[in-house]
Amino acid sequence: MDLLENLNERQIEAVTFMEGPLLVLAGAGSGKTKVLTTRIAYLINQGINPENILAITFTNKAAHEMKSRIGNLIGYYSHNMQISTFHSFGLRLIKENYEYLGYDKNFVIFDSDDSLTIVKKIIKDMNLDKDKFNPKAIRNKISSLKNDLIEPSSYKKYALTEFDEVVYKVYQKYEDSLYENNSLDFDDLLILPIKLFSKRKDILERYQEKFKYILIDEYQDTNEAQYKLTKMLASRFKNICCVGDVDQAIYGFRGANYKNILNFERDYKNTKIINLEENYRSTKTILDAANAVIKNNKNRKEKNLFSNLGIGEKIEYYRASTGLSEVSFVISKIKDLMSDGISLKDMVILYRTNAQSRIFEDGLMKSSIPYKIVGGINFYGRREIKDLLAYLRLIHNIHDNVSLERVINVPKRGIGEKTLTNLINKANENNISMYEAIDSGKELGFKKIIEELKTLKDTMSLVEYIDLVLDKSGLINELKNEHSLEADIRIENLEEFKSVARAFEEENGVISLEDFLLNVSLISDNLDVKDEVKDSVSLMTIHAVKGLEFPYVFLVGMEERLFPHVNSLDSEEDIEEERRLCYVAITRCKTKLFITNARQRLMYGIDQINPASRFVLEIDESLINNLSQKEIENFSRIDYNNDISEEKVNIEENYLNKDLDYQVGDFVYHENFGAGTVIEVIKNKKNPKLTLLKIAFKLPYGIKTLLYNHKSLKKI
DNA sequence: CCATAATTCTTTTTT
DNA sequence: AGAATTATGG
């Protein structure tokens, strides 16, 4: 079979360029994955040993996809090839060299929750005010310092403010604590290989020799650590192929720097650059919409992405009155599509924040439409799963104080704060772990359970062992005795966890607890085998949908403050990242795009009124079929930067006012001030005719308070 | 020590 | 609104 059969000229060029640095600037839907996979297949066909190939992606899903597509291309899959995410690649390097890094071989990986637990503890131990020194903020700061490869000792010099000083101290203690627990956090998976390579040139050279051909996907989303790591590995042979699209850079918040892609030419001399500009995914209408949005970014290179797939259908836009009616609209459209014979797996609901998924879940459940949530509330973040994992981790690594503290009293064994403090003190005094410090009292019973489980560890299969742990620990009995719906769900989740373990075993043959624990922490996208088969609508955040495509896309919650999100509103740079996110969302769509939002929505338990997202207004009207009232153009005259923070509305007030002409959220037109939105109705109890309206107009007018029946004011 | 009540966050986005 | 953390009383 000819590998190059279905490729265009540019793609062929990218696939067959063998030696030297290669940068592929691949617009959305331009066959990026196809190029990467075909290139790997081509390299192998050219006689390159699969062992010498390293391909790095950002998600496990992308890595899986790549593996199976290469398998299809060359008829087999070679396990000698290294195709993985940055983090699992880092983990592999650490596993192969842990002794040089000073870790015990039973090290474990802490997820972000565990990191937060440690930070909280440190802050408490230091007697700091946690309102002033927010643990989450400090953890995030530590993480970004780590990703920028700044160690505590070097940060000390820059820590000028009181806050930074605290960050420095907590950072130092945090690193010590990880080390004491014989554990690594996510960031360590990238940093430790870099440290290893800087210290041991001989080891670096060995890996450079091994990975002669390197391919990096989504290069625009690499952070400093990832950038440095690839640069180290590639610096010898310079056979590095990076694929990316600056317009799709959406991970700035975790330290990604899309300039890495722009600096590629500077880093590698004689870089070959190939532009892929033909989009094979979306209709012209969809692509035009995406281009119309992204062209508003100032910080960007003009690009000429085109599609030959025809105009296609118009985008349907609906501005619902409430969040619930937005859901109803989407569900009715899904039903329409179903009756047209479209299958559910071809539809996706995309939102900006995870919190938005719930009302859609409720609605879909009530309508008996099968759905699956991709990513979302982390499966491994659930209490019962974390408890089980903590047992397993403690059994595996008795130095893991974090896990011990989590489960020593789960289920209740009458071990409280006092016992724990004693244990901590004893452990500190004797320089041993808390587990080792146990020598009396009720906690001895706990130690016995763990000891017994330890001896049985290698005598049975993983799934059997998990059952044993659930039984001996008392976790499962506690839930069974509860006889509540909630407990039943938890038991179900534990069963689900067992099937994940089973899938692991089936994929890798007999797997040790060690390997299972290390890998399980890196898999946040659920590898649901069952859901693949069932025909269901997908629900996910826009970040999670990156790299995927769907014929029918519902882009929901398109409101100012939700998308673009409030937290990005006061920085132009952040707005541009939001806009790129919107670009990613639109370009996922192949056939038909639905855009919706709600005039009034429950957020944090209170009703809020949000204008339509600026991104909707940036799309040319001719591409849109507006199913709500014709209100877009009116809205477009409102300046978003108006301070309309008083927009919170009491719903009861709305009911009181329903006999009036005006309600909060109504659109008005004023002879002098132009279009505006009512943000408050101030009713005069004695004289209804003196009702005042607080209205947000476009700048420079801003917020004005006017008489509702003023002759220059019209409701539209 | 624990169950319950009261209170205080939470919502960006992910490996 | 709902989850998570903290205070209270037994």
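The chains referred to below are lettered A, B, ... by the order of the sequence lines, with proteins before strands, and numbering in each begins at 1.
Taking the C1' atoms as reference points, dT12(B) lies 22 Å from dT5(C), given to the whole Å. Of the C1' atoms belonging to dT11(B) and dT6(C), the separation is 22 Å, rounded to the nearest Å.
When distances run from any side-chain atom of Ser112(A) to the nucleotides dT14(B), dT10(B), dT15(B), the shortest one goes to dT15(B). Set against dT11(B), dT13(B), dC1(B), the side chain of Asn354(A) has dT13(B) as its closest nucleotide. Closest to the side chain of Asn134(A), out of dT10(B), dT15(B), dT13(B), is dT10(B). Each of dT13(B), dT15(B), dC2(B) was ranked by its minimum atom distance to the side chain of Lys412(A); first place goes to dC2(B). Nearest to the side-chain atoms of Glu578(A) among the listed nucleotides dT15(B), dC1(B), dT12(B) stands dT12(B). The nucleotide whose nearest atom lies closest to any side-chain atom of Lys136(A) is, among dT15(B), dC1(B), dT11(B), dT11(B). Residue Thr85(A) has its side chain nearest to dT15(B) when only dT13(B), dC1(B), dT15(B) are considered.
For the pair Lys121(A) and Glu405(A), the salt-bridge criterion is met [side-chain N within less than 4.0 Å of a carboxylate O].
Contacts of Asn409(A) with the nucleic acid, taken as non-hydrogen atoms under 4.0 Å apart, involve only primed sugar atoms and P, OP1 or OP2. Among the protein residues, Phe563(A) comes within range of no part of the nucleic acid, since none of its heavy atoms lies under 4.0 Å from any strand. Across all strands, Thr57(A) comes closer than 4.0 Å to no nucleic acid atom at all (heavy-atom distances). In this structure, Phe86(A) reaches neither bases nor backbone, as no heavy-atom distance under 4.0 Å exists between it and the strands shown. Residue contacts for Lys546(A): at a heavy-atom cut-off of 4.0 Å it reaches no nucleic acid atom on any strand shown.
With sequence neighbours left out, the salt bridge (Lys or Arg N to Asp or Glu O under 4.0 Å) criterion links Asp488(A) to no other residue. Listed by chain and number, the residues in a salt bridge (Lys or Arg N to Asp or Glu O under 4.0 Å) with Asp247(A) are Arg300(A), Lys303(A) (sequence neighbours excluded). Applying the side chain to side chain contact (heavy atoms under 4.5 Å, CB included) criterion to Ile449(A), with sequence neighbours excluded, gives Arg413(A), Leu453(A), Lys472(A). Not counting sequence neighbours, the partners of Leu192(A) by the side chain to side chain contact (heavy atoms under 4.5 Å, CB included) test are Ile94(A), Leu101(A), Tyr103(A), Leu184(A), Asp188(A), Lys195(A).
The list of side chain to side chain donor-acceptor pair (under 3.5 Å) pairs with a residue in residues 579-589 of chain A, not counting sequence neighbours, reads Gln248(A)-Arg588(A), Asn297(A)-Arg579(A), Glu577(A)-Arg580(A), Arg579(A)-Glu618(A).
Nucleotides of DNA chain C lying under 4.0 Å from heavy atoms of chain A occupy a range whose first and last members, 5' to 3', are dA1(C) to dT6(C).
You can call Tyr604(A) stacked on the base of dT11(B); the centres are under 5.5 Å apart and the planes sit within 30°.
Put simply, the side chain of Phe360(A) does not reach to within 4.5 Å of the side chain of Val537(A), judged on heavy atoms.
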